[in-house]
There are 2 protein chains.
Amino acid sequence: MLETNPNPNLDEILIRSARLMAHRGYHGTSMRDLAEVTGRSLSGLYHYFEGKEDLLYLINKRGFSSLLDLAEDLREAGFGPTEMLKGLINRHIGFFVDHLDEMRVMMFGTLELSKDRGREINRLKEVYRQNVQEIVQAYIAEARGSGLSEVELARKTYLLFGMMNWIFGWYSSGAHGTPEDLADDIFRTFTEGCAAG
Amino acid sequence: MLETNPNPNLDEILIRSARLMAHRGYHGTSMRDLAEVTGRSLSGLYHYFEGKEDLLYLINKRGFSSLLDLAEDLREAGFGPTEMLKGLINRHIGFFVDHLDEMRVMMFGTLELSKDRGREINRLKEVYRQNVQEIVQAYIAEARGSGLSEVELARKTYLLFGMMNWIFGWYSSGAHGTPEDLADDIFRTFTEGCAAG
DNA sequence: TTGAAACCCGAACGATCGTTCGTTCTTTTT
DNA sequence: AAAAAGAACGAACGATCGTTCGGGTTTCAA
């Protein structure tokens with residue numbers, strides 16, 4: 001987070017709201033539901049944001065900003081391509097597992113946001129994606145000696161995102177190993193294929 | 001499809017409804033919206049299903065049944081593990097691209113369905129997943145000579161699903177190659193890693 | 001030509017939606 | 001102690017929701 005935490009109450013409201021929205025969707029979750037689950041009255045909620053859309057915006061912005069910070073911290077560490085890719089997958093999966101509900105909300109899409117806010121969130125997403133893409137590019141360039149075309153590189157990056165983000169639908173740490181196991185599996189599968197090891 | 005097409009009108013209603021629901025979500029799409037987009041009156045819609053939830057159920061059931069048919073047809077073809085895996089990815093991606101909107105609706109989850117219907121759809125999903133898992137297992141067994149543990153195998157299968165299903169969020173045939181290119185890329189990445197070729 | 005079935009409609013129902021209003025209680029600042 | 005700001009509330013607003021009802025067409029086999 002860039003700014004110092006301005007309001008611990010708002011933090012908890014966002015987390016509890018995301019938990020509900022993750023399972024019922026944005027339109028499927030009413031302000032009355034959110035009031036109940038946050039232990040406040042319906043009208044009392046409006047002290048913290050201007051409206052329901054505001055809440056979705058805040059969840060998205062905080063989530064993607066955190067992911068972006070994680071990625072930029074990592075790049076400053078100055079690892080080599082392999083360690084960089086491995087570290088990125090680890091951090092992405094770690095954050096994902098720690099914030100499963102917010103992540104779920106973030107993948108439902110930003111289509112319910114206003115035009116301006118939708119654009120702002122999409123910009124964050126795109127910056128993060130480019131960060132990851134450059135790490136993938138560096139890894140591939142080292143591993144095979146030559147780079148990939150723009151189209152192929154973008155596609156490979158999206159495939160990596162697919163493996164990482166799809167876990168929202170199936171992963172439970174009890175049945176599918178620790179987050180570290182999972183991150184390692186994704187790294188090995190992405191770099192060497194499913195029969196590696 | 002198992003039964004012969006019973007109603008071409010219903011087919012078109014489902015397709016148009018899925019197109020709308022794919023972009024606004026289930027709760028975000030009203031019966032009035034659906035009436036307008038299908039060129040019918042609000043009450044006229046109820047001639048084709050008992051209620052809104054019915055519509056979501058039908059979209060899910062038809063979609064997963066078709067996918068399942070595709071997989072079972074393939075298995076009857078009696079290919080070897082490699083051709084089987086390649087064929088499965090190709091069919092899955094092909095169907096996905098041809099029915100992008102319905103697929104989007106199907107991934108929003110079955111949580112808005114009644115308990116019984118949710119279970120029925122989840123059963124279809126699980127059967128399909130097991131079909132794919134057995135194909136993955138056969139491929140890995142051949143490629144590395146030994147099998148994988150249950151946990152590892154399930155994880156690998158989910159990673160493959162991740163690469164295939166995540167395309168709902170980014171793929172456009174104009175910017176990212178043909179569906180065949182995409183399917184081939186997924187096959188190669190899953191079997192040999194991102195630096196293959 | 002009659003009758004049943006399939007198809008379609010306008011109008012309205014009660015319920016719930018997001019939001020606003022005026023007010024009260026509590027905490028912080030002066 | 002007085003004033004200002006923060007936090008919370010019940011009650012109500014107009015709008016929209018999914019669904020139902022009673023009645024219309026159209027289609028086509030008997």
Side-chain angles (χ1 to χ4, degrees), chain A residues 3-60 105 108-118, chain B residues 3-60 105 108-118:
Chain A
E3 69 263 357
T4 59
N5 196 334
N7 195 333
N9 284 343
L10 187 122
D11 265 43
E12 203 191 292
I13 291 178
L14 288 182
I15 290 176
R16 287 186 197 268
S17 298
R19 181 148 40 191
L20 214 57
M21 283 195 189
H23 293 90
R24 306 195 197 178
Y26 175 71
H27 292 292
T29 309
S30 73
M31 291 296 282
R32 285 163 182 83
D33 294 333
L34 298 179
E36 187 185 0
V37 89
T38 56
R40 253 163 277 254
S41 73
L42 173 59
S43 48
L45 271 184
Y46 282 83
H47 181 70
Y48 291 94
F49 14 79
E50 295 175 11
K52 193 184 177 186
E53 190 226 279
D54 226 34
L55 213 148
L56 182 64
Y57 166 73
L58 289 175
I59 293 175
N60 272 275
V105 173
F108 283 157
T110 54
L111 297 140
E112 0 258 350
L113 290 175
S114 74
K115 216 144 225 162
D116 284 346
R117 289 181 154 177
Chain B
E3 69 262 0
T4 59
N5 194 334
N7 195 333
N9 284 343
L10 186 121
D11 265 43
E12 203 191 294
I13 292 178
L14 289 182
I15 290 177
R16 287 187 198 267
S17 298
R19 179 148 41 191
L20 215 56
M21 283 195 190
H23 293 90
R24 306 194 198 177
Y26 175 72
H27 291 293
T29 309
S30 72
M31 291 296 281
R32 286 163 182 83
D33 293 333
L34 298 179
E36 188 185 359
V37 90
T38 55
R40 253 162 278 253
S41 75
L42 173 58
S43 47
L45 272 184
Y46 282 83
H47 181 69
Y48 290 94
F49 14 79
E50 296 174 10
K52 193 183 178 189
E53 190 226 278
D54 225 34
L55 212 148
L56 182 64
Y57 166 72
L58 289 175
I59 292 175
N60 272 275
V105 172
F108 283 157
T110 55
L111 296 140
E112 0 258 349
L113 290 174
S114 73
K115 215 144 228 164
D116 283 347
R117 289 181 155 179

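Any value given below was found using the heavy atoms of this structure, including those in side chains, with hydrogens, waters and symmetry copies removed. First the proteins, then the strands, lettered A, B, ... as listed; each starts at 1.
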Enquirer: Can you check whether A:Tyr57's main-chain N or O pairs, donor with acceptor, with A:Asn60's side chain at less than 3.5 Å?
Expert: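 It does not hold such a pair.
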Enquirer: What is the distance, to the nearest angstrom, from the CG atom on B:Leu55 to the C1' atom on D:dG18?
Expert: 13 Å
Enquirer: Nearest of D:dG18, D:dC9, C:dC17 to any side-chain atom of B:Arg32?
Expert: D:dG18
Enquirer: Whole angstrom is fine here: how far is it from CE in A:Met31 over to P in D:dA8?
Expert: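 So the two atoms are 14 Å apart, to the nearest Å.
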Enquirer: OP1 or OP2 of D:dA7 versus the side-chain N and O atoms of A:His47: is any pair under 4.0 Å?
Expert: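 Yes, because at least one side-chain N or O of A:His47 sits under 4.0 Å from OP1 or OP2 of D:dA7.
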Enquirer: Taking CG from A:Leu56 and P from C:dG18, how many angstroms apart are they, rounded to a whole number?
Expert: 13 Å
Enquirer: Between CG of B:Asn9 and CZ of B:Arg40, what distance do you get to the nearest 0.5 Å?
Expert: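 These two atoms lie 5.0 Å from each other.
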Enquirer: Rounded to whole angstroms, how far apart are OH on A:Tyr46 and C1' on D:dA8?
Expert: 15 Å
Enquirer: Using modelled atom types only, decide if a donor and an acceptor are shared between the side chain of A:Tyr26 and the backbone of A:Thr110 within a distance under 3.5 Å.
Expert: no
Enquirer: Enter the inter-axis angle for the ends of the helix from C:dT1-D:dA30 to C:dT30-D:dA1 (five pairs per end, rounded to 10°).
Expert: 10°
Enquirer: May I have the distance from B:Glu36 (atom CD) to C:dC8 (atom C1'), rounded to whole angstrom?
Expert: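 About 17 Å, once rounded to whole Å.
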Enquirer: Between P on C:dA15 and NZ on B:Lys52, what's the gap in Å once rounded to a whole number?
Expert: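 Going from B:Lys52 (NZ) to C:dA15 (P), I get 19 Å.
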Enquirer: Whole angstrom is fine here: how far is it from CG in B:Asp33 over to C1' in D:dG18?
Expert: 12 Å
Enquirer: Quick one: does A:Asp54's side chain have a donor or acceptor within less than 3.5 Å of a partner on A:Glu50's backbone?
Expert: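 Between the backbone of A:Glu50 and the side chain of A:Asp54 there is a qualifying donor-acceptor contact (under 3.5 Å).
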Enquirer: In residues 108-118 of chain A, which residues come under 4.0 Å of DNA chain D by heavy atom?
Expert: none
Enquirer: Is a donor-acceptor pair below 3.5 Å formed from side chain B:Ser43 to base C:dG10, judging by atom type as modelled?
Expert: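 Check passes, donor-acceptor contact within cut-off.
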Enquirer: Take the protein atom CG of A:Leu45 and the nucleotide atom C1' of C:dG18, then report the distance between them rounded to whole Å.
Expert: 12 Å
Enquirer: Indicate whether OP1 or OP2 belonging to D:dC17 is found under 4.0 Å from a side-chain N or O atom of B:Ser30.
Expert: yes
Enquirer: Quick one: label A:Thr38 by what it contacts on the DNA or RNA (base, sugar-phosphate, nothing), any heavy atom closer than 4.0 Å.
Expert: nothing
